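Worksheet: the structure to be examined is printed underneath.
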Amino acid sequence: MSIVIYAETENGKFKKTAFELASYGRAIADQSGTPLLAVTINQDDTEELARYGVDKVIKVNDVAFEEFTAQSYAEVVSTIAKENNANIIVLSSSANAKYIAPLVAVSLSAGYASNVVALPDSLAPLTLKRSCFTNKAFNTTSLVSGVNIIGLSNNSYGIKEHPSSAMETTNSSVSLSTSSLKVENIDKVVGKVTIADADVVVSGGRGLKGPENWYLIEDLAETLGAATACSKPVSDMGWRPHSEHVGQTGKPVASNLYIAIGVSGAIQHLAGINSSKVKVVVNIDPEAPFFKAADYGIVGDAFEVVPQLIEKLRAFKSS
Amino acid sequence: MKILVCISHVPDTTSKINFVNDESAFDTNGVQFIINPNDEFGLTRAIWMQQKHQAEVTVLTVGDINCEPTLRKCLAIGANKAFRIDMQPTDGFQVAQEIAAHCKKESYDLIIAGRESIDYNGAMVPGMIAGLLNYNFVTNCTSLEVEGNHATASREIDGGIENVSCELPLVIGAQKGLVEEKDLIIPNMRGIMQARQKPLEVIPATDSVAKSSILKFEKPAPKGAVKLIDADNIDLLIDLLHNEAKVI
Ligand SMILES: Cc1cc2nc3c(=O)[nH]c(=O)nc-3n(C[C@H](O)[C@H](O)[C@H](O)COP(=O)(O)OP(=O)(O)OC[C@H]3O[C@@H](n4cnc5c(N)ncnc54)[C@H](O)[C@@H]3O)c2cc1C
């Protein structure tokens, strides 16, 4: 038996979630006394994983996997899991990982729990705490298959160093079955933090009055190295792209810090951002519901507060 | 072209979330149920294809008789017919197995399911259907065009959009973008009257088995009160974020 994680990379570097998965996988491996294996795809340097307790890295380096497709990457993870007799597979909550997880579940006939937020309550049966009702509640799910997949919520466990004594590295190959699905092109902003990966997210609502005022959100985000987000009406009106819409019907946010400017804090908005650790709100209306959900709040006009906040943060960052 | 839209019947987004039976079941008392928003974006897209390509749009849910008003609403929006697979599913895998078994008989060209439901947020049903049927699969789908047997689609990825092309049959995980909020169809009187005459067939479940079960629910611990900081004292906010919350 073994624990297998899929350690995601981007442009030759591990994503932060790869280290979180390794840390989480290490803790389960210690509980169960089984080795922790990491699968990587087209990644040359994998040494960093040793710092988080990976026992063995299985590298699949093949031009056939140069481009991500769900089917091919799911095949890699399933094949390596099968070959190594994995009983637990841990995947992140990135868009790609959530894309492949159900395919891996079918191919291994495995149980699958997404949105897991903590270490297992028990290993036999595998019992897990998951968020549900878009963060308005949690449930405890028991998985009853011999092989099970844990989809770990980003930023729920954290990164914990645990150097391995001697991490082994091997190469493996996986043959790819054919598919008519072709990736034509990818349109991706480079050098911008994404909502999924960001430690800090700065979000703007209708209180900002119009798209021309978004420099406030962008400048604040830049000062903090943050991703930018918005409420649903802001994206519906086309002030901002859909990809920034967060909340129950948009993207979930699980950052360390979430700063909401001119967002009222409707239940559907809060649902999606509630698993962020620290929430700050700036709103002119002291009765805005967001104040009930926030940790820190400023009652004030965004057009006065935000420029000051940017200036003071810049000074703080450079001190 | 035959299109199937899989519909999840979920509590309205403003519902109070409570649990009963020793916190083991969702309390449906007084809860208004709606079409899962992601499914509704998918359904609207399907109706456009019905209008443009004369596609036949079937809606399906796996659930008990309480889901039927939600299916009738889909018929009022414009779906041609509805199926209800009669069972109370235990997990997403079971739902996917039931739907896949039905699809094997009906051979749909396009299967649309919401990328996730807003109740259990599993985000697994569309992918599992695709896996079980060995069909192409695009989730977080924000645009879709079909010409003959060929589809082009976009997927929202972290930080961008990926454009793909493939042959049918195809399963997509629908979300906003596929159509916009303003495009959602509000059933009119005529639609509602017609929906009563449209077929809603109840089919028995197969012998699918779940791979997980929910033991109990809990609500998040109550949150402490907000710390209010004076708008003239932004230094204090920065100090608190740095020294107390340790997030900057
Ligand atoms: C089915 C459904 C799903 C939904 N899903 C989502 C979702 O996923 N995400 C989401 O965000 N919403 C969602 N909504 C919409 C939600 O109900 C709210 O309408 C929305 O979140 C409000 O956006 P807002 O806070 O930007 O705007 P408003 O509610 O208009 O709030 C603007 C706020 O700005 C403040 N303000 C005004 N001027 C200033 C100023 N000068 N300085 C500071 N503050 C100022 C106001 O006091 C107010 O609180 C959903 C709704 C439904 C029905």
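In what follows, chains carry the letters A, B, and so on, assigned in the order in which the sequence lines appear, proteins first and then strands, with residues in each chain numbered from 1. Just so we're clear, the structure is a prediction, and the values are computed from it rather than from any experiment.
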Report which part of [X] has an atom under 4.5 Å of a heavy atom belonging to chain B: side chain, backbone, both, or neither.
X	answer
Val280(A)	side chain
Ile298(A)	both
Gln268(A)	side chain
Thr127(A)	side chain
Asn115(A)	side chain
Ala294(A)	both
Leu313(A)	both
Thr141(A)	both
Val278(A)	side chain
Ser107(A)	neither
Ala105(A)	both
Asn135(A)	backbone
Ala110(A)	backbone
Lys192(A)	neither

Can you tell me which of [options] forms the most heavy-atom pairs within a distance under 4.5 Å of chain A?
options	answer
Thr142(B), Asn233(B), Leu240(B)	Leu240(B)
His150(B), Arg115(B), Lys182(B), Gln97(B)	Arg115(B)
Ala123(B), Ala225(B), Gly122(B), Ala96(B)	Gly122(B)
Asn134(B), Asn163(B), Ile129(B)	Asn163(B)
Asn140(B), Asp230(B), Asp91(B), Val138(B)	Val138(B)

Please flag which part of [X] lies under 4.5 Å from any non-hydrogen atom of chain A: side chain, backbone, both or neither.
X	value
Ser154(B)	neither
Phe137(B)	both
Ile118(B)	both
Ile17(B)	side chain
Pro37(B)	side chain
Pro11(B)	side chain
Phe26(B)	side chain
Ala210(B)	backbone

TODO: Could you tell me whether Lys216(B) atom NZ has more than 12 heavy atoms of other residues or ligands within 6.0 Å of it?
DONE: no
Task: Heavy atoms of other groups near Asp22(B) CG, more than 12 under 6.0 Å - done: no
Open item on the list: Within the 3.5 Å criterion, strictly below it, is a donor on Asn121(B) or Ser131(A) matched to an acceptor on the partner's side chain?
Closed with: no
Task: Pair Ser235(A)-Lys176(B), side chain to side chain donor-acceptor pair (under 3.5 Å): steps then yes or no - done: CA-CA 11 Å; Ser235(A) 81; Lys176(B) 187 167 95 171; 2.8 Å; yes
Open item on the list: I need the residue from Ser142(A), Ser145(A), Ala196(A) with the largest number of non-hydrogen atom pairs under 4.5 Å to chain B.
Closed with: Ser142(A)
Open item on the list: Can you confirm whether Phe316(A) sits close enough to Ile248(B) that some side-chain heavy atom of one is under 4.5 Å from a side-chain heavy atom of the other?
Closed with: yes
Task: Pairwise distance NZ(Lys279(A)) to NZ(Lys223(B)) - rounded to 0.5 angstrom - done: 6.5 Å
